[in-house]
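Submitted below is the structure of interest, expressed as structure tokens.
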Amino acid sequence: MGNSIQHLAEGVTVVASAKTRIEGKAIQQLQNSFQLPGMRRVVGMPDLHPGLGHPVGAAFFSVGRLYPALIGNDIGCGMSLWRTSLDSHRLSPDKIEKRLGCIDDALGEDWRERIASLGLPETGFESSLGTIGGGNHFAELQQIDTVSCSSTLSTLGIDKKHLLLLVHSGSRGLGQKILREHLDRFQHRGFAEASDECADYLDQHAKALGFAKANRLLIAQRIFENLRCTGAPVIDAEHNFLAPAIIAGTAGWLHRKGAAPADGGPLVIPGSRGDYSYLVEPVPDEASLFSVAHGAGRKWMRGECRDRVSTRSSAQQLLRTSLGSRVVCANKHLLFEEAPEAYKAIESVIESLQDAGLIRLLARMKPVLTYKTGREESR
DNA sequence: ATGTTC
């Protein structure tokens with residue numbers, strides 16, 4: 001126990017076992033982020049990887065100043081888990097794929113009332129609601145493969161017979177607009193806690209969180225409608241967001257970028273589309289800034305995936321995974337960029353968190369079908 | 001990551 005917690009310097013910690021390889025560039029970015037004025041403590045998770053200036057898979061605690069660039073453009077991005085009324089023991093992947101169809105277009109007129117009932121403020125990005133987006137976003141049907149804690153599962157209202165839906169999406173163009181407008185004005189300097197800029201950003205940030213959560217709900221509802229089933233929410237947790245926190249007795253701001261909160265109940269930590277996902281009970285721990293990993297973490301940069309992946313697998317082969325699941329991804333770029341080989345094995349991430357005493361396993365899920373996009377070209 | 005666009 002405890003071998004997975006590495007203190008690199010005063011205030012800079014990485015949670016990763018010896019087996020979990022983390023790129024030097026990501027560590028460098030983490031250390032650079034720690035140098036920001038007011039930054040008190042940073043923690044890299046086992047899925048830490050390089051991002052745009054700042055790393056992904058980390059939590060940052062600052063006092064007196066806030067840094068929107070640390071949250072990134074996809075403010076409010078997160079994972080929501082849903083229980084469907086479909087029986088996982090009697091499923092036909094063919095039928096599911098056919099019924100699901102393409103869910104990339106904006107929701108139609110028949111959704112107007114349901115969207116209005118959510119009471120979202122106007123943002124100008126309404127046409128993105130109910131759509132998954134690109135990058136690492138997905139919707140995945142899963143079934144429970146191994147149960148570690150049946151009592152917690154029953155509290156959550158799920159068991160092996162339920163086909164589950166995991167939705168990973170965020171605030172789409174809205175979060176991007178908020179970050180861009182902020183960076184245009186303040187670059188990477190951030191701002192003081194007691195400032196008009198801060199109040200303005202926090203207001204926009206709250207809108208983006210609401211938009212992203214509504215987006216995951218609408219994606220799920222759309223999928224239930226297409227699959228002709230019903231569904232119920234089990235978990236919804238963001239991994240890109242800002243929250244007030246008290247660390248070591250001092251009030252400040254916790255920035256999470258690709259890090260899930262450990263103080264809000266059970267979480268899903270998903271592997272790549274060809275790997276298992278884990279349902280876990282996080283253990284709140286100040287030393288890890290009340291955070292855990294949000295997924296497997298990239299191993300290969302997007303740009304190098306096409307060459308590296310295509311030497312092993314054809315595009316056709318990538319539509320099926322080694323766990324027997326299928327993949328809906330008509331976009332060739334995404335098909336290669338999001339290949340299971342481009343990600344770390346989820347087991348090493350889970351083992352690192354377990355070894356650090358940060359999670360308790362509840363169940364392991366295996367993918368049935370991962371939906372990315374039905375469109376050939378989204379770029 | 002992204003209503004991006006020569």
Side-chain angles (χ1 to χ4, degrees), chain A residues 25-26 29 47-58 67-80 102-108 111 115 120 122-140 167-184 188 201 204-205 207-209 211-216 218-219 238-242 255-260 270 272-273 294-306 329 331-339 342-343 370-379:
Chain A
K25 186 180 173 186
Q29 287 185 338
D47 57 340
L48 187 75
H49 59 280
L52 291 170
H54 302 291
V56 181
Y67 295 94
L70 291 179
I71 305 302
N73 61 317
D74 198 1
I75 303 162
C77 185
M79 299 279 172
S80 64
C102 177
I103 50 172
D104 301 340
D105 290 327
L107 291 170
W111 284 83
I115 293 172
L120 296 171
E122 240 186 87
T123 61
F125 292 88
E126 283 67 30
S127 65
S128 294
L129 284 169
T131 64
I132 294 168
N136 58 0
H137 291 172
F138 62 81
E140 185 169 279
V167 176
H168 177 201
S169 192
S171 55
R172 313 296 311 282
L174 175 60
Q176 182 173 49
K177 179 181 165 233
I178 295 167
L179 179 64
R180 188 183 359 96
E181 287 177 355
H182 168 80
L183 290 179
D184 284 350
H188 286 259
Y201 177 79
Q204 305 274 5
H205 169 273
K207 281 199 180 90
L209 257 60
F211 184 97
K213 187 172 179 161
N215 191 33
R216 291 187 288 274
L218 290 164
I219 291 165
E238 291 101 356
H239 48 235
N240 294 348
F241 70 111
L242 195 52
H255 305 64
R256 291 187 179 92
K257 171 60 174 172
S272 73
R273 70 190 185 207
H294 81 313
R298 291 200 79 81
K299 192 170 70 184
W300 297 342
M301 289 190 303
R302 290 186 179 279
E304 61 189 13
C305 289
R306 193 153 187 152
C329 184
N331 180 320
K332 286 280 198 305
H333 292 282
L334 260 187
L335 187 62
F336 286 102
E337 287 172 7
E338 294 293 311
Y343 283 83
T370 308
Y371 184 95
K372 296 289 289 181
T373 178
R375 286 204 198 118
E376 279 187 29
E377 198 128 11
S378 63
R379 70 173 166 129

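These values consider heavy atoms only, across backbone and side chains, with no hydrogens, waters or symmetry-generated copies. Proteins come first, then strands; the chains are lettered A, B, ... in the order of their sequence lines, and each starts at number 1.
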For A/His333 and B/dA1, give me the distance from atom NE2 to atom C1', rounded to whole Å.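 In whole Å, B/dA1 C1' and A/His333 NE2 are 16 Å from each other.
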Which part of the nucleic acid, if any, lies within reach of A/Gly170 when heavy atoms closer than 4.0 Å are counted: base, sugar-phosphate only, or nothing?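 Nothing, no nucleic acid heavy atom in range.
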Which atom pair, heavy atoms only, marks the closest approach of A/Ala342 to A/Cys305?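 Smallest interatomic distance, heavy atoms only, reads CB-SG, 3.7 Å.
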Expressed in angstrom and rounded to an integer, what is the separation of A/Leu52 atom CG from B/dT4 atom C1'?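 To the nearest whole Å, that distance equals 15 Å.
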I need the NE2-P distance between A/His182 and B/dT2, as an integer number of Å.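 My rounded result for the distance is 20 Å.
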Is any N or O donor-acceptor pair between the side chain of A/Asn73 and the base of B/dA1 shorter than 3.5 Å?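 In this structure, the two groups form a donor-acceptor pair.
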Quick one: label A/Gly124 by what it contacts on the DNA or RNA (base, sugar-phosphate, nothing), any heavy atom closer than 4.0 Å.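 Base contact.
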Whole angstroms only, please: what is the CD1-C1' distance between A/Ile71 and B/dA1?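 Distance, rounded to whole Å: 14 Å.
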Starting at CG of A/Asp104 and ending at P of B/dT2, how long is that distance when rounded to a whole Å?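 Checked: the CG to P distance equals 12 Å.
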Closer than 3.5 angstrom, by distance alone: can the side chain of A/Arg298 be matched with the main-chain N or O of A/Trp300 as a donor-acceptor pair?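 Present.
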Rounded to whole angstroms, how far apart are CZ on A/Arg298 and P on B/dA1?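 Checked: the CZ to P distance equals 8 Å.
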Ignoring backbone atoms, test whether A/Arg180 places a side-chain nitrogen or oxygen under 4.0 Å from the OP1 or OP2 oxygen of B/dT2.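 No, no such contact exists.
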Nearest-Å distance, CD1 (A/Ile75) to P (B/dT2)?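 Answer to the nearest Å: 12 Å.
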Which part of the nucleic acid, if any, lies within contact of A/Ser128, taking any heavy atom under 4.0 Å across all strands shown: a base, the sugar-phosphate backbone alone, or nothing?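 If one applies the 4.0 Å heavy-atom cut-off, A/Ser128 turns out to touch the sugar-phosphate alone, with no base involved.
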List in chain and number order the residues that pass side-chain hydrogen bond (donor to acceptor under 3.5 Å, both in side chains) with A/Arg273, two or more places apart in sequence or in another chain; answer none if no residue qualifies.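 None.
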Take the protein atom CD1 of A/Ile178 and the nucleotide atom P of B/dT2, then report the distance between them rounded to whole Å.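 Distance, rounded to whole Å: 13 Å.
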Using the test ring pair (Phe, Tyr, Trp, His ring centres under 6.0 Å), find all partners of A/Tyr371 that sit at least two apart in sequence or belong to another chain.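 Once residues adjacent in sequence are excluded, A/Tyr371 has no partner under the ring pair (Phe, Tyr, Trp, His ring centres under 6.0 Å) criterion.
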